[in-house]
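The figures here come from the full heavy-atom set of this structure, side chains too, leaving out hydrogens, waters and symmetry mates.
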Amino acid sequence: MAAVSDRLPAFPWDKLEPYKKTAAAHPDGIVDLSVGTPVDPVPELIRQALIGAADSPGYPTVWGTVALRDAITGWVRGRLGASAAEHRNVLPVVGSKELVAWLPTQLGLGAGDKVAYPRLAYPTYEVGARLCGAEAVVYDDPTELDPAGVKLLWLNSPSNPTGKVLAKEDLVRIVAWAREHGILLFSDECYLELGWEAEPVSVLHDDVCDGSYEGIVAVHSLSKRSNLAGYRAAFVAGDADVLGELLEIRKHGGMMTPAPVQAATVAALGDDTHVEEQRERYAARRAALRTALEAHGFRVEHSEASLYLWVTRDEPCWDTVAHLAGLGILVAPGDFYGEAGARFVRVAFTATDERVEAAVKRLG
């Protein structure tokens, strides 16, 4: 077993524990802005759907109910602009992190293969490559990579941690390059509905992929848009051949979304009101924190979308983490996401209104 765990990097969040203790010692308690975990209630209509499906004694299917596939394809067509999406183009997964971590293994990748992802990125892309023994490579622009050996290309727009959004013309260019070189492209779009100063576009949009999903798959999650991180509700959409292969593998692995969660997902995808209400909460928190951070001497870069502010005081990130911990505020050091983040920190605005207000006062 150690042979597998030895492939993995140290779990980054363990490094934050001493700073968390410092922040927690503040007389008014900690303001934890380190992990982007939802704190607001699960919308009532979603809870009721979950409760209504609670009497589910039988096994669910990996592909999901017809109602779930209808809900996903309808949302993909309407929200992502993927007008040709059908049931064969969608597949529910047990949370998006599980999919990211195990995708290279499920694709049969291994030694000699390369998995490429952004230089500043969610750490699980690297973990997925390491789990299967593939080589992890980073990029600034994927079309500048040597395509030899690259079997899987990850995009992430809006980006975690930076909030950067790839323009439509860049997506068109990258999709064309990946297809030219026979590279499978997976686009992590879990923050797509949280654009603030830019309008994120999916790789599945008709204008990007020319109505064909060949060689491209988009990853989506309900964790952020619907406060369902605890439900592990997510799905992938795109190339039917790729998803068909994953479906067969996941059947053997028993990777089934629980039946009550499937019902809750149907309800969540069928309602836009709760999404807009949550956006308004996040927009207010984002504005308050951004103003306070800038007044405190921080510079905000990118951050045009997602649930984070990517900020710097032009000093080593751990010095910034220590400074803010002294104010009772915990943030994520930028080097969690790659060496290029060594002078930045990521500030989540997923805390409650009361905790955000406390952070604003301390920064003032």
Side-chain angles (χ1 to χ4, degrees), residues 3-5 7-9 61-64 69 72 76 82 85-118 121-139 142-143 145-157 160 171 174-190 202-204 209 212-221 232 234-257:
V4 177
S5 63
R7 298 175 191 166
L8 304 179
T61 65
V62 173
W63 202 17
R69 282 178 266 141
I72 296 174
V76 166
E86 301 175 358
H87 280 204
R88 65 195 188 97
N89 300 114
V90 301
L91 177 65
V93 296
V94 192
S96 58
K97 183 170 185 174
E98 168 265 303
L99 184 280
V100 172
W102 292 107
L103 178 66
T105 299
Q106 292 175 12
L107 292 173
L109 303 189
D113 298 323
K114 297 178 182 178
V115 175
Y117 53 87
Y122 182 49
T124 312
Y125 305 133
E126 178 186 1
V127 167
R130 291 193 180 207
L131 281 171
C132 73
E135 179 184 352
V137 295
V138 299
Y139 65 77
T143 65
L145 286 168
D146 178 354
V150 178
K151 298 296 180 64
L152 174 61
L153 171 64
W154 279 107
L155 298 185
N156 180 208
S157 177
N160 174 16
L171 292 174
I174 294 167
V175 167
W177 179 86
R179 285 174 169 168
E180 177 187 354
H181 295 287
I183 297 171
L184 179 59
L185 188 158
F186 265 68
S187 179
D188 182 345
E189 302 174 352
C190 289
S202 172
V203 292
L204 300 183
C209 66
S212 167
Y213 311 131
E214 179 184 357
I216 58 173
V217 177
V219 181
H220 284 271
S221 168
R232 311 314 300 136
F235 59 89
V236 288
D239 190 316
D241 290 338
V242 174
L243 298 192
E245 178 70 11
L246 289 177
L247 175 58
E248 291 305 312
I249 293 165
R250 295 170 71 84
K251 283 179 181 177
H252 285 288
M255 305 177 90
M256 302 171 283
T257 302

Residues passing the salt bridge (Lys or Arg N to Asp or Glu O under 4.0 Å) test with Arg130, sequence neighbours excluded, are Glu126
| said: If we ignore hydrogens and angles and just use 3.5 Å, is the side chain of Arg179 paired with the main-chain N or O of Glu214 as donor and acceptor? | reply: yes
Taken to the nearest 0.5 Å, the spacing of Trp102 CH2 from Ile249 CD1 works out to 13.0 Å
Sequence neighbours excluded, the answer for side chain to side chain donor-acceptor pair (under 3.5 Å) partners of Ser187 is Glu189
All heavy atoms of Val203 vs all of Ile216, minimum pair found to be O-CD1, 3.5 Å
Sequence neighbours excluded, the answer for side chain to side chain donor-acceptor pair (under 3.5 Å) partners of Asp239 is none
Side chain to side chain donor-acceptor pair (under 3.5 Å) filter on Tyr117, not counting sequence neighbours, yields none
4.5 Å side-chain heavy-atom contact, Asn89 and Leu204: no
When rounded to the nearest 0.5 Å, the distance separating OG1 of Thr124 from CG of Leu131 is 9.5 Å
Shortest non-hydrogen pair, Val76 vs Ala85, comes out as CG1-CB, 3.8 Å
CD (Glu245) and CG (Leu107) are apart, to the nearest 0.5 Å, by 8.5 Å
The complete set of ring pair (Phe, Tyr, Trp, His ring centres under 6.0 Å) pairs with one or both residues in residues 234-255, sequence neighbours excluded, reads Trp75-Phe235, His220-Phe235
In short, Pro118 meets Ala121 closest at the heavy-atom pair O-CB, 3.3 Å
Those residues at least two apart in sequence (or on a different chain) that pass ring pair (Phe, Tyr, Trp, His ring centres under 6.0 Å) with Trp177 are His181
>> Using side-chain heavy atoms (C-beta onward) and a distance below 4.5 Å, is Ser96 in contact with Asp188?
In response: no
- Task: Would you please test Val242 and Val236 for side-chain contact (heavy atoms from CB on, under 4.5 Å) and show each step?
- Result: CA-CA 10 Å; Val242 174; Val236 288; over 6 Å; no
Answer yes or no: is there a donor N or O on one side and an acceptor on the other, between the side chain of Arg232 and the main chain of Thr257, under 3.5 Å?
no
Separation between NZ (Lys114) and CG (Leu109), nearest 0.5 Å, reads 13.0 Å
Nearest heavy-atom approach of Val90 to Arg69 is CG2-CG, 4.1 Å
query: Is the shortest heavy-atom distance from the side chain of Leu246 to the side chain of Leu103 under 4.5 Å?
result: yes
Between Ser202 and Ala218, the two heavy atoms sitting closest are OG-CB, 4.3 Å
Contacts of Thr143 meeting side chain to side chain donor-acceptor pair (under 3.5 Å) (sequence neighbours excluded), chain-then-number -> Asp141, Arg173
Taking every heavy atom of Gly215 against every heavy atom of Leu184, the minimum-distance pair comes out as O-CD1, 3.6 Å
For residues 85-94, the salt bridge (Lys or Arg N to Asp or Glu O under 4.0 Å) pairs (sequence neighbours left out) are Glu86-Arg88
Rounding to 0.5 Å, atoms OH (Tyr125) and CG (Leu155) come to a distance of 9.0 Å
Across all chains, not counting sequence neighbours, the ring pair (Phe, Tyr, Trp, His ring centres under 6.0 Å) partners of Tyr213 are none
Contacts satisfying side-chain hydrogen bond (donor to acceptor under 3.5 Å, both in side chains) that involve residues 147-157 (not counting sequence neighbours) are Asp113-Lys151
Residue pairs passing the salt bridge (Lys or Arg N to Asp or Glu O under 4.0 Å) test with at least one member in residues 96-107, sequence neighbours excluded, are Glu98-Arg250
With sequence neighbours left out, the residues meeting side-chain contact (heavy atoms from CB on, under 4.5 Å) with Leu247 are Val62, Trp63, Leu91, Lys251
